[in-house]
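What follows is a short report on a single structure.
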Amino acid sequence: MDANKELDTRGLNCPLPILKAKKALAEMESGQLLKVVATDPGSMRDFQAFARQTGNELVEQKAQADEFIHVLRRR
């Protein structure tokens, strides 16, 4: 899946990955995809809650080794 923007939040803990994603999404156009790479295991549930609260679509979530990939579509 090709994202319009990729955000590296490796090594950052809650709430920093969410805050950085929120800022990045604000700079994007509706329909664009943001890929966030995180190492915080809590980011899986954090991004689910973030998507519900903001109305942005959580297109994909997956865990690869010690990284967690989140793809959001800007509403």
Side-chain angles (χ1 to χ4, degrees):
M1 181 175 301
D2 289 332
N4 299 94
K5 190 173 197 173
E6 186 168 329
L7 194 57
D8 181 357
T9 64
R10 292 177 186 104
L12 300 178
N13 292 321
C14 180
L16 291 174
I18 292 289
L19 294 175
K20 289 185 175 289
K22 183 177 180 179
K23 183 176 185 226
L25 284 166
E27 298 169 355
M28 297 172 70
E29 294 181 20
S30 182
Q32 289 187 315
L33 294 176
L34 172 66
K35 178 180 178 181
V36 182
V37 182
T39 51
D40 179 7
S43 68
M44 294 296 276
R45 69 175 180 279
D46 291 344
F47 275 94
Q48 292 168 10
F50 174 74
R52 276 194 307 274
Q53 292 170 359
T54 62
N56 293 300
E57 180 187 356
L58 186 58
V59 178
E60 183 179 0
Q61 264 192 324
K62 62 183 174 184
Q64 285 184 265
D66 292 337
E67 294 182 344
F68 303 92
I69 313 295
H70 315 280
V71 180
L72 296 151
R73 183 182 317 277
R74 170 96 159 78
R75 64 181 165 120

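For this chain, numbers begin at 1 and follow the sequence in order.
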Item checked: Non-hydrogen atoms of Ala38 and His70 that approach each other most closely -> CB-NE2, 4.3 Å
Notebook entry, point to check: So if you build clusters from Ile, Leu, Val, Met, Phe, Trp, Tyr with side-chain heavy-atom gaps below 4.5 Å, do Ile18 and Leu33 land together?
Noted result: no
Notebook entry, point to check: Considering all heavy atoms of both residues, which atom of Pro17 and which atom of Thr9 are nearest to each other, and what is their separation?
Noted result: CB-OG1, 3.7 Å
Item checked: Rounded distance [0.5 Å steps], CG in Leu25 versus NZ in Lys23 -> 12.5 Å
Notebook entry, point to check: How many angstroms lie between atom CG of Leu34 and atom NZ of Lys20, to the nearest 0.5 angstrom?
Noted result: 12.5 Å
Notebook entry, point to check: Between CD of Glu67 and OG1 of Thr39, what distance do you get to the nearest 0.5 Å?
Noted result: 7.5 Å
Next item on the list: Measure the CG-NZ distance between Leu7 and Lys35 for me, rounded to the nearest 0.5 Å.
Entry: 11.5 Å
Next item on the list: Determine yes or no for a side-chain-to-main-chain donor-acceptor pair under 3.5 angstrom, with Arg75 supplying the side chain and Gly55 the backbone.
Entry: no
Checklist line | Pairwise distance CZ(Arg74) to CD(Gln32) - rounded to 0.5 angstrom | finding: 9.0 Å
Next item on the list: Taking atom CD of Glu29 as the centre, report whether more than 12 heavy atoms of other residues, nucleotides or ligands fall under 6.0 Å from it.
Entry: no
Check: Among Glu60, Gln61, Gln64, whose side-chain contact (heavy atoms from CB on, under 4.5 Å) with Ile69 holds?
Finding: Gln64
Checklist line | From CZ (Phe47) to CG (Leu58), nearest 0.5 Å | finding: 8.5 Å
Check: Which heavy atom in Ser43 sits nearest to a heavy atom in Phe68, and how many Å separate them?
Finding: OG-CB, 3.7 Å
